Q: 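First, the structure itself, so that you have it in front of you.
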2 protein chains.
Amino acid sequence: MKAWQEIQLQALQTSDSEHQLFQAIAALGAELGFDYCAYGLRLALPLSNPKIVKVSNYPSAWQTQYQAKNYCAIDPTVKHALRSSQPILWTDGLFASTAAFWEEARSFGLRYGWAQSMRDVPGATGMLTLARSDEPLSKAELADKAFKMAWLTQTAHMALSRRLLPKLLPEADTKLSNREIAVLRWTADGKTAGEIADIMKITERTVNFHISNAAAKLNASNKTAAAVKAALLGFL
Amino acid sequence: MKAWQEIQLQALQTSDSEHQLFQAIAALGAELGFDYCAYGLRLALPLSNPKIVKVSNYPSAWQTQYQAKNYCAIDPTVKHALRSSQPILWTDGLFASTAAFWEEARSFGLRYGWAQSMRDVPGATGMLTLARSDEPLSKAELADKAFKMAWLTQTAHMALSRRLLPKLLPEADTKLSNREIAVLRWTADGKTAGEIADIMKITERTVNFHISNAAAKLNASNKTAAAVKAALLGFL
DNA sequence: CTAACAACTGTCAACATTGACAGCATATAC
DNA sequence: GTATATGCTGTCAATGTTGACAGTTGTTAG
C-alpha cells in the first residue's frame with residue numbers, strides 16, 4: 001500500500017489537467033473499494049451566489065439530473081460539508097428530509113457512500129465523496145480505512161483546488177501591496193479612513209487611495225466588498 | 001492499532017476540558033513515536049491583531065521563551081501552516097532564514113519535527129506539530145505514518161477548535177436572523193443599502209436597520225466589519 | 001394571553017465614502 | 001536611463017452610512 005501512495009502522488013504532482021488529476025484520485029478511491037468518486041469545490045464568493053464546480057465519475061445521467069434539479073442546494077451531505085470537516089456516512093437518517101432525492105440517487109446505484117470536506121484558503125471548501133453500489137459500509141471497514149480516507153480528502157483537495165481556484169476566481173491570483181494589505185486590515189476591523197490615517201500616520205486621502213487601488217485589483221465595487229474578498233482569499 | 005483509534009476517540013468525545021483533550025491527542029502522538037506534541041489555533045479575527053492560543057507538552061522553558069520572544073511571528077512552520085495545509089517537515093532549509101530560532105529550539109531537544117495545519121470555520125486555522133529529540137524522521141517512516149498523521153491533524157483540530165473557538169470569540173456563538181444574513185450577504189458583495197432595498201423589495205431604511213442589528217450582534221463597529229466578521233465566521 | 005422576536009417603516013443631521021481631476025518621490029528591474 | 005510599481009498628497013461634489021429618535025405588524029413559544 002506504500003506503492004499506492006508513492007505512485008499516485010507522482011500522478012498528482014505531474015498531471016496538469018484537472019481531468020488527469022481527478023482520474024488519479026478516483027483510482028485511489030477505487031483501491032479503497034469505491035466505484036464512484038466525486039469532488040466538489042465551493043467558493044464562498046460571490047457570497048450571494050457562490051460558485052460551485054463538480055467533478056465525478058458518477059453515471060452521467062445522474063450528473064445531469066443533479067445539475068438540472070440543483071440538488072446541490074438540498075443535498076444533506078453538501079450541507080454537512082459546509083459546516084463541518086467531520087466525515088459523514090450516507091444513512092437513511094441523513095436523508096430523512098430529502099427522501100425523493102435519496103431514492104433517485106439509489107436508483108442510479110449510489111447506495112453506500114462516505115464524504116468529507118476540507119478548506120484551504122478561507123473561502124474555498126472542497127468535498128470528497130466515495131461511494132459504491134454493492135457492499136454496505138461496515139463500521140469495521142470504516143475504522144480500517146479512516147486514515148486513508150482522511151489523507152485522500154486532504155490530498156485531493158490540495159491538488160484539485162490549486163488548479164480550480166485561479167480559474168474560477170481570477171482575483172485569487174492578484175497581489176496586494178503591503179500598504180494595501182495594512183489599510184484593508186484596519187478597514188476590515190471597522191476603522192474609518194480617518195481613524196486609519198491617524199493609526200498609520202498618513203493622510204485620510206492616502207488611505208482612501210490605497211483602498212480604492214485594492215478594490216480595483218480585487219474587482220470589488222467598494223471597500224466593504226474589497227475587505228470581505230481580501231479576507232476570504234486569505235490576503236489579510 | 002484499531003484499538004488506538006477507538007479508545008482515543010472516546011477520550012476525545014467525552015473529555016470536556018481542553019487539557020484532557022490535549023492529553024488524549026498527545027498520547028496518540030506518542031504512539032506514533034513523538035515525544036512532543038503541540039497544537040496552535042489562530043483566529044483571523046481581529047484582523048489587525050489575530051488571536052492565537054497554544055497548547056503543548058514542550059519543555060516549559062521553551063514555551064516561555066517562544067511566548068516571550070513572540071517566535072510565533074517568525075516561526076517558518078507557522079508561516080507555512082497559514083498558507084497551506086500541506087504537511088511540512090523540519091529541515092535546515094526551512095529554518096535557513098531563522099537560524100537563531102532554530103538553534104534555540106534544538107537546544108531544548110526539539111530536533112525532528114513535522115507539522116500540518118487545517119481550517120474549519122473560514123477564519124480559524126489549527127496547526128498540529130509532532131516532534132522528538134532522538135531519531136531523525138526518515139522518508140520511509142513518514143510514508144508509513146502519513147495517513148495517521150493526516151487523520152490526527154483533522155481529529156485534533158475538530159476536537160480542540162470546537163472548545164477553544166467560542167471561548168476566544170464569543171461572537172462565534174450568536175445567531176443572525178435570515179434577513180440579517182441576506183442583507184449582509186449583499187453588503188459583503190458590495191451592494192449599497194439602496195441597491196439591496198431594490199433587490200429585496202424593502203425600504204432602504206429597513207436594510208440599514210437589519211445591518212445595524214447584525215453589527216450589534218457581531219460586535220462590529222460598522223457594516224464593513226460586520227460583513228467581514230460574518231463571512232469569516234461562516235455565517236454567510 | 002402575553003412576552004419576545006423578527007421584520008418592517010419614518011425623519012434628520014453629522015459624518016464617511018467614492019470618483020474624477022492632477023501631481024511628486026523613491027526604489028527596483030531591465 | 002527609463003519604465004514600472006509603490007507610496008504619498010491635494011480638492012470638490014455626489015452619494016452613502018450611521019445614530020438617535022419612535023413606531024406597527026405578524027409569528028412563535030410559554
Side-chain angles (χ1 to χ4, degrees), chain A residues 46-48 97 170-231 233-236, chain B residues 46-48 97 170-231 233-236:
Chain A
L47 282 149
S48 49
S97 57
E171 296 94 305
D173 263 350
T174 63
K175 293 224 157 139
L176 298 178
S177 74
N178 290 338
R179 284 309 225 185
E180 284 160 358
I181 290 171
V183 166
L184 275 188
R185 260 205 261 266
W186 290 114
T187 300
D189 277 340
K191 304 288 185 221
T192 66
E195 289 166 336
I196 299 172
D198 288 347
I199 293 168
M200 296 180 63
K201 298 177 201 287
I202 54 180
T203 336
E204 189 175 328
R205 178 63 193 83
T206 304
V207 173
N208 284 322
F209 170 79
H210 289 309
I211 291 176
S212 72
N213 285 345
K217 285 188 189 174
L218 293 169
N219 247 303
S221 58
N222 61 30
K223 72 170 182 170
T224 299
V228 170
K229 247 182 180 172
L233 292 173
F235 291 151
L236 307 188
Chain B
L47 282 149
S48 48
S97 57
E171 296 93 305
D173 263 350
T174 63
K175 294 224 156 139
L176 299 177
S177 74
N178 289 338
R179 283 311 224 185
E180 283 159 358
I181 290 171
V183 166
L184 274 187
R185 260 205 260 266
W186 289 114
T187 300
D189 276 341
K191 304 289 183 218
T192 67
E195 289 167 335
I196 299 172
D198 288 346
I199 294 168
M200 297 180 63
K201 296 174 202 290
I202 53 180
T203 337
E204 190 175 329
R205 179 64 192 83
T206 304
V207 173
N208 283 322
F209 170 80
H210 289 309
I211 292 176
S212 72
N213 285 345
K217 285 187 188 173
L218 293 169
N219 246 303
S221 58
N222 61 29
K223 71 171 182 170
T224 300
V228 170
K229 247 183 181 173
L233 291 173
F235 291 150
L236 306 187

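Residue numbers begin at 1 in each chain, while the letters A, B, ... track the order of the sequences. This is a predicted model, so every value here is computed, not measured.
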Q: Quickly work out the Phe209(B) CZ to dT18(D) C1' distance and round it to whole Å.
A: 14 Å
Q: Tell me: CD1 of Ile211(B) to P of dG19(D), nearest whole Å?
A: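 Interatomic distance, CD1 of Ile211(B) to P of dG19(D): 12 Å.
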Q: Scan residues 187-200 of chain A against DNA chain C and write down, sorted by residue number, each residue with any heavy atom closer than 4.0 Å; if none is found, say none.
A: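 Under 4.0 Å from DNA chain C: Thr192(A), Ala193(A).
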Q: Can you tell which of dT17(D), dT17(C), dT9(D) lies closest to the side chain of Lys223(A)?
A: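 Nearest to the side-chain atoms of Lys223(A), counting from C-beta on, is dT17(C).
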Q: Checking contacts here: which listed nucleotide (dT9(C), dT18(D), dT18(C)) is nearest the side-chain heavy atoms of Asn208(A)?
A: dT18(C)
Q: Starting from the 5' end of DNA chain C, give me the residue, Lys217(B) or Asn222(B), whose nearest nucleotide shows up first.
A: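 Closer to the 5' end of DNA chain C: Lys217(B).
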Q: Hey, is the side chain of Arg179(A) pairing donor to acceptor with the base of dG7(D) inside 3.5 Å?
A: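 Answer no: no donor N or O sits under 3.5 Å from an acceptor.
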Q: Taking the side chain of Glu204(A) as its heavy atoms from C-beta onward, which of dT17(C), dG10(D), dG7(D) lies nearest to it?
A: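 Ranking dT17(C), dG10(D), dG7(D) by closest atom to the Glu204(A) side chain puts dT17(C) first.
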Q: From CG of Leu184(A) over to P of dT17(C), roughly how many Å is that when rounded to an integer?
A: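 For the pair Leu184(A) CG and dT17(C) P, the rounded distance is 13 Å.
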Q: To the nearest Å, how far apart are Ile181(A) CD1 and dT6(D) C1'?
A: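 It is 13 Å, rounded to the nearest whole Å.
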Q: The side chain of Arg205(B) lies closest to which of these nucleotides: dG10(D), dC21(D), dC8(D)?
A: dC21(D)
Q: Using atom NE2 of His210(B) as one end and atom P of dA6(C) as the other, report the distance to the nearest whole Å.
A: 10 Å
Q: Is there a side-chain polar atom (N or O) of Ser177(A) under 4.0 Å from OP1 or OP2 of dT6(D)?
A: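 No, outside the criterion.
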Q: If you check the Thr206(A) side chain, which of dC8(C), dT18(D), dC8(D) turns out closest?
A: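 Looking only at side-chain atoms, Thr206(A) lies closest to dC8(D).
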